[in-house]
Undergrad: 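I'd like to ask some things about the structure below.
Quantities reported herein were computed from a predicted structural model and do not represent experimental measurements. First the proteins, then the strands, lettered A, B, ... as listed; each starts at 1.
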Amino acid sequence: MPELPEVETTILNLRIKVRFRTFIDIWTDFKNIVKKPSSFEEFRKLIKNKKILRIWRAGKNIIFELSGGLSLLVHQKLTGHLIYGIWGLQSGKWKSKISGPLEDKVNSYIHLIFWLDDGKMLALSDLRKFAKVELWKTKKLKESEEIKNLGPDPLKISSAEFKNCFKNKKGKIKHLLMDQGIVSGIGNIYSDEILFKARIHPFREIKKLTNEEIERIYQTTKKILKKAIKLKGTSVSDYRLPAGGKGEFEKILKVYRREGEKCSRCGTIIKRVKLAGRSAHFCPKCQV
DNA sequence: TGCAGTGTTGCTTC
DNA sequence: CGAAGCAACACTGC
């Protein structure tokens, strides 16, 4: 769920809400969510009194650059959400104290809370507990494998650079579009939507795509991602904005999770087929 | 009731 | 060596 547009929406919101705030203290019920340093108490000690200077994104990773030469990296994986608000414990469960659309469902999966110096909180809710939090020395983070190995951001590159990403690669286009080492930020939902709009079959071998077809994929990638950011992302199942609202892009999904429905272009029934362990959704007639 | 499926990534296996 | 499979976890829906 949190793919490039959702992560971008999240950082735009967080910049307004938590930039220049200082961490007062933290709480968790799942120490394992912090992978680095390996000791949670060490993490707590290091994060206290650090100020958020800058918030940015590398692919789907959210990075808070802090005072003291440290950077906090958060990857939301499948079901993580960074949310901002005020919560209080009520019979062992976190309840939102400010009115708004935050639902108990999201609140009940809060596993990490940062208290801020404005009296509010930044929380990480994650149903499946796959999300990861790491504290790095800012200098080392930029040289780290996880950042260095990311492909370029599709919104920041030219058509020629995009084509270059796929040069000498082999495999199916959908699989490669989702490969974070080739271009970063695209996951299952947007790869389906991009290929539908580009009228390219998800199983097409990259080597057999014409120049014109890759150009079309480049153009539609930009269009789809930009539109999704404008609509504040997709809220399939439980994605939420930092203030709890839902994204709007889901309303205009053309193929993702629309198996059995009619293609909006030609009326053919949308298919769902497994590819590399994931579901690919596409129109078998107009995607060739 | 039970099992397949779910947005991601990285490690294991063949 | 590269590609496929699966585990991490918890829940939904058929």
Side-chain angles (χ1 to χ4, degrees), chain A residues 1-10 28-36 38 57-62 73-83 93 103-112 124-134 144-151 168-195 202-203 205-207 224-225 228-229 231-241 246-250 253-260 270-281:
Chain A
M1 157 274 319
E3 300 181 33
L4 188 151
E6 290 75 30
V7 177
E8 181 71 16
T9 302
T10 300
T28 191
D29 67 344
F30 182 62
K31 292 181 177 176
N32 237 349
I33 205 160
V34 176
K35 312 291 179 196
K36 192 179 156 68
S38 49
R57 163 178 86 67
K60 302 173 191 173
N61 298 278
I62 297 170
L73 180 149
V74 177
H75 195 304
Q76 306 178 104
K77 297 281 179 83
L78 275 83
T79 52
H81 320 288
L82 277 173
I83 45 183
K93 288 187 169 183
E103 300 144 51
D104 284 346
K105 213 176 170 182
V106 174
N107 291 332
S108 60
Y109 301 120
I110 289 177
H111 296 301
L112 182 63
L124 179 59
S125 158
D126 185 16
L127 183 150
R128 288 172 74 180
K129 294 181 174 173
F130 289 173
K132 71 168 183 182
V133 174
E134 296 175 342
S144 72
E145 296 293 302
E146 31 200 323
I147 300 293
K148 228 174 42 187
N149 289 345
L150 284 176
N168 302 324
K169 295 289 188 301
K170 53 179 182 177
K172 297 181 171 46
I173 179 62
K174 177 178 167 68
H175 193 43
L176 293 168
L177 264 183
M178 292 193 295
D179 187 329
Q180 302 304 298
I182 295 177
V183 280
S184 57
I186 300 170
N188 208 29
I189 300 175
Y190 292 104
S191 59
D192 277 352
E193 295 298 315
I194 287 164
L195 293 173
F203 287 28
E205 291 293 324
I206 193 82
K207 275 193 264 178
I224 292 274
L225 294 178
I229 291 169
L231 295 175
K232 303 188 191 310
T234 305
S235 296
V236 169
S237 81
D238 60 358
Y239 169 73
R240 289 299 179 279
L241 303 173
K246 285 189 169 199
E248 302 280 313
F249 192 82
E250 69 197 276
L253 289 174
K254 303 283 191 205
V255 285
Y256 180 74
R257 285 210 175 169
R258 294 204 182 278
E259 182 190 20
I270 302 295
K271 265 179 108 172
R272 179 169 67 110
V273 177
K274 279 250 164 197
L275 166 64
R278 325 287 300 275
S279 283
H281 308 77

Undergrad: Are more than 12 heavy atoms, taken from residues, nucleotides or ligands other than A:H175, located less than 6.0 Å from that residue's NE2 atom?
TA: no
Undergrad: Classify the nucleic acid contact of A:K170 as base, sugar-phosphate or nothing, counting any heavy atom under 4.0 Å across all strands shown.
TA: sugar-phosphate
Undergrad: Rounding to an integer number of Å, can you tell me how far A:R128 CZ sits from C:dC9 C1'?
TA: 6 Å
Undergrad: Rounded to whole Å, please give me the gap between CE in A:M178 and C1' in B:dT9.
TA: 12 Å
Undergrad: For C:dC9, what is the paired nucleotide under Watson-Crick or G-U wobble rules, both distances under 3.5 Å?
TA: none
Undergrad: On a whole-Å scale, what distance lies between the C1' atoms belonging to B:dA4 and C:dC6?
TA: 15 Å
Undergrad: In whole Å, what is the span from the CZ atom of A:F130 to the C1' atom of B:dG5?
TA: 13 Å
Undergrad: Indicate, with a heavy-atom threshold strictly under 4.0 Å, whether A:G277 touches base, sugar-phosphate, or nothing.
TA: nothing
Undergrad: Using a cut-off of strictly less than 4.0 Å, decide whether A:Q180 has a side-chain nitrogen or oxygen near OP1 or OP2 of B:dT9.
TA: yes
Undergrad: For B:dT6, take OP1 and OP2 only and decide whether either is under 4.0 Å from a side-chain N or O of A:K274.
TA: yes
Undergrad: Using only side-chain N and O atoms of A:Y109, determine if any of them is under 4.0 Å from OP1 or OP2 of C:dC9.
TA: no
Undergrad: Going by atom types only, do A:K93 and A:S108 share a side-chain donor-acceptor pair under 3.5 Å?
TA: no
Undergrad: Both A:H281 and A:K132 contact DNA chain B. Which one's nearest nucleotide lies toward the 5' end?
TA: A:H281
Undergrad: May I have the distance from A:N149 (atom CG) to B:dG10 (atom C1'), rounded to whole angstrom?
TA: 12 Å
Undergrad: Is the shortest side-chain N/O distance from A:K77 to OP1 or OP2 of C:dA8 below 4.0 Å?
TA: no
Undergrad: Less than 4.0 Å between a side-chain N and a carboxylate O, is that true for A:K172 and A:E205?
TA: yes
Undergrad: Test your reading of the model: is there a side-chain donor-acceptor pair from A:D126 to the backbone of A:Q76, 3.5 Å cut-off?
TA: no
Undergrad: Considering only heavy atoms and no angle criterion, is a donor-acceptor pair shorter than 3.5 Å present between the side chain of A:R278 and the base of B:dT6?
TA: no
Undergrad: Could you give the distance separating C:dC9 and B:dT12 at their P atoms, to the nearest angstrom?
TA: 16 Å
Undergrad: Grab the NZ-P distance between A:K129 and B:dT6 for me, whole Å please.
TA: 23 Å
Undergrad: In terms of side-chain heavy atoms of A:R272, which of B:dG5, B:dG10, B:dT8 is nearest?
TA: B:dG5
Undergrad: Is the phosphate of C:dG13 approached by A:R257 (side-chain N or O, under 4.0 Å from OP1 or OP2)?
TA: no
Undergrad: Please report the distance, rounded to the nearest Å, between OH in A:Y256 and C1' in B:dG5.
TA: 10 Å
Undergrad: Any side-chain N or O of A:S279 below 4.0 angstrom from OP1/OP2 of B:dT6?
TA: yes
Undergrad: Can you check the distance between C:dG5 and B:dT6, where both ends of the measurement are the P atom (answer in whole Å)?
TA: 15 Å
Undergrad: Between A:H75 and B:dT9, does any side-chain N or O lie under 4.0 Å from OP1 or OP2?
TA: yes
Undergrad: Under 3.5 Å, is there a donor on one side chain and an acceptor on the other for A:D192 and A:H281?
TA: yes
Undergrad: Using whole Å, what does the distance between atom C1' of nucleotide B:dT8 and atom CG of A:N188 come to?
TA: 10 Å
Undergrad: Take the protein atom CD of A:Q76 and the nucleotide atom C1' of C:dC9, then report the distance between them rounded to whole Å.
TA: 17 Å
Undergrad: Hey, are A:R128 and A:T79 close enough side-chain-wise for a donor-acceptor pair under 3.5 Å?
TA: no
